[in-house]
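First comes the structure, then the notes that go with it.
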Amino acid sequence: MADKIKDAKIIFVVGGPGSGKGTQCEKVVAKYGYTHLSSGDLLRAEVASGSERGKTLQAIMQKGELVPLDTVLDMIKDAMIAKADVSKGFLIDGYPREVKQGEEFEKKIGAPCLLLYIDAKGETMVKRLMKRGETSGRADDNEETIKKRLDLYYKATEPVITFYTSRGIVRKPLL
Ligand SMILES: Nc1ncnc2c1ncn2[C@H]1C[C@H](O)[C@@H](COP(=O)(O)OP(=O)(O)O)O1
Ligand SMILES: [Mg+2]
């Protein structure tokens, strides 16, 4: 099963909450036909299923915290395997959120050929998320949780950019 994705082309898409990762991914999909997998969307689908696991995840996400690494990684891996036959490559949006997630992904799946870094100012991200919160119905698009997500981004996720910059695979798409 897992060797179906052994040689898959992998692009990580990393940026803060509200930076526009999903929007940029749609553009890449339209142009290059890669398969877009968003860790947040996969997690929200699990929550929407009403499963026990979903309830646990919901409580974590509502607080703006990271869900356990193994849970996200398993979900991404399953989604990749399910699409392996029809996919030219994968855009992994919202993962890795911390350096450890990147290391585990590389051990269990493979190395990324590229990391797209979606850069945006903190105040821009907050403004967008507050606006999105008016209609998104997302439990984490509120002022308190947004602040926690942003803090966590600077603390845990920015080091991911540094880590892959030293490997020479980070690109900023021209927005
Ligand atoms: N790779 C990952 N590891 C742990 N938790 C994750 C994760 N990706 C998403 N989550 C959880 C925590 C996030 O605050 C929440 C929403 O994720 P998202 O949709 O990618 O949000 P954002 O709009 O902040 O980029 O889901
Ligand atoms: Mg998103």
Side-chain angles (χ1 to χ4, degrees), residues 10-30 34-49 51 53-80 90-110 112 115-161 163-164 172-173 175:
I10 292 155
I11 299 178
F12 287 155
V13 183
V14 179
S19 60
K21 298 184 293 291
T23 307
Q24 292 308 314
C25 283
E26 279 169 34
K27 291 186 189 174
V28 177
V29 169
Y34 276 36
T35 303
H36 177 206
L37 295 177
S38 152
S39 57
D41 288 350
L42 292 171
L43 291 165
R44 280 184 290 277
E46 183 71 30
V47 172
S49 80
S51 68
R53 180 160 83 154
K55 285 181 192 135
T56 311
L57 295 173
Q58 165 79 345
I60 298 170
M61 290 159 75
Q62 204 154 5
K63 287 189 279 181
E65 293 169 5
L66 295 182
V67 312
L69 192 166
D70 290 331
T71 307
V72 208
L73 188 51
D74 283 348
M75 280 182 179
I76 293 174
K77 191 174 173 192
D78 289 347
M80 287 178 72
F90 293 93
L91 287 170
I92 309 293
D93 158 5
Y95 189 104
R97 282 281 213 284
E98 54 185 4
V99 172
K100 175 97 174 124
Q101 287 193 359
E103 291 171 344
E104 287 303 309
F105 186 104
E106 295 197 35
K107 269 192 222 153
K108 292 201 174 139
I109 301 176
L115 185 152
L116 295 182
Y117 170 31
I118 317 298
D119 193 10
K121 275 195 217 145
E123 55 177 300
T124 307
M125 295 194 271
V126 172
K127 245 188 248 162
R128 285 181 188 160
L129 291 172
M130 290 299 291
K131 183 89 194 134
R132 185 172 80 181
E134 291 168 14
T135 54
S136 70
R138 270 179 59 163
D140 57 352
D141 282 344
N142 62 76
E143 196 165 3
E144 193 191 339
T145 310
I146 289 168
K147 191 180 174 305
K148 281 169 72 179
R149 285 156 69 197
L150 207 61
D151 286 348
L152 191 58
Y153 170 70
Y154 290 123
K155 205 170 77 192
T157 312
E158 272 200 342
V160 172
I161 311 289
F163 180 81
Y164 287 102
K172 276 195 200 184
L175 303 176

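Numbers here are sequence positions counted from 1. Read the numbers this way: they start at 1 and go in the same order the structure lists the ligands and their atoms. We use all heavy atoms of the structure for the numbers below, so side chains are in, but hydrogens, waters and symmetry mates are not.
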In terms of residue, atom name and distance, what is the protein heavy atom nearest to [atom]?
{"atom": "atom 26 (O) of ligand 1", "result": "M61 CE, 3.4 Å"}
{"atom": "atom 20 (O) of ligand 1", "result": "R97 NH2, 3.1 Å"}
{"atom": "atom 24 (O) of ligand 1", "result": "R149 NH2, 2.8 Å"}
{"atom": "atom 3 (N) of ligand 1", "result": "Q101 NE2, 2.7 Å"}

Between the side chain of [X] and the main-chain N/O of [Y], is any donor-acceptor distance below 3.5 Å?
{"X": "K172", "Y": "L116", "result": "no"}
{"X": "R128", "Y": "S19", "result": "yes"}
{"X": "Q101", "Y": "R97", "result": "yes"}

Salt bridge between [X] and [Y], side-chain N to carboxylate O under 4.0 Å?
{"X": "E103", "Y": "K100", "result": "no"}
{"X": "K155", "Y": "D151", "result": "no"}
{"X": "E144", "Y": "K148", "result": "no"}

With only distance considered, is [X] within less than 3.5 Å of ligand 1 through an N or O on each side?
{"X": "G94", "value": "yes"}
{"X": "K21", "value": "yes"}
{"X": "S39", "value": "yes"}

When you look for heavy atoms under 4.0 Å from ligand 1, do you find them on the side chain of [X], its backbone, both, or neither?
{"X": "L69", "result": "neither"}
{"X": "V67", "result": "both"}
{"X": "R138", "result": "side chain"}
{"X": "V72", "result": "side chain"}

Do L129 and D140 pass the side-chain contact (heavy atoms from CB on, under 4.5 Å) test, and can you show the C-alpha distance, the side-chain angles, and the key distance before you say yes or no? CA-CA 9 Å; L129 291 172; D140 57 352; over 6 Å; no
For [X], atoms of ligand 1 separated by under 4.0 Å from a heavy atom:
{"X": "D140", "value": "16 (C)"}
{"X": "P17", "value": "22 (P), 24 (O), 25 (O)"}
{"X": "E65", "value": "12 (C)"}

Got a sec, which residues hit side-chain hydrogen bond (donor to acceptor under 3.5 Å, both in side chains) with T145, two or more places apart in sequence or on another chain?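 So T145 forms a side-chain hydrogen bond (donor to acceptor under 3.5 Å, both in side chains) with N142.
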For a side-chain contact (heavy atoms from CB on, under 4.5 Å) check, start with the C-alpha distance between I118 and V13, then their side-chain angles and the critical distance, and finish with the verdict. CA-CA 7 Å; I118 317 298; V13 183; 3.9 Å; yes
What about F105 and Y95, are their ring centers closer than 6.0 Å?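 So the answer is yes for these two rings.
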Heavy atoms only: which of I118, L152, L43, V47 lies closest to atom 11 (C) of ligand 1? L43
Heavy-atom contact under 4.0 Å between R44 and ligand 1?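 Per 4.0 Å heavy-atom rule, R44 contacts ligand 1.
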Would you check whether R132 reaches within less than 4.0 Å of ligand 1, judged by its heavy atoms? yes
So, using ring pair (Phe, Tyr, Trp, His ring centres under 6.0 Å) as the criterion, who are the partners of Y164 when residues are at least two apart? F12
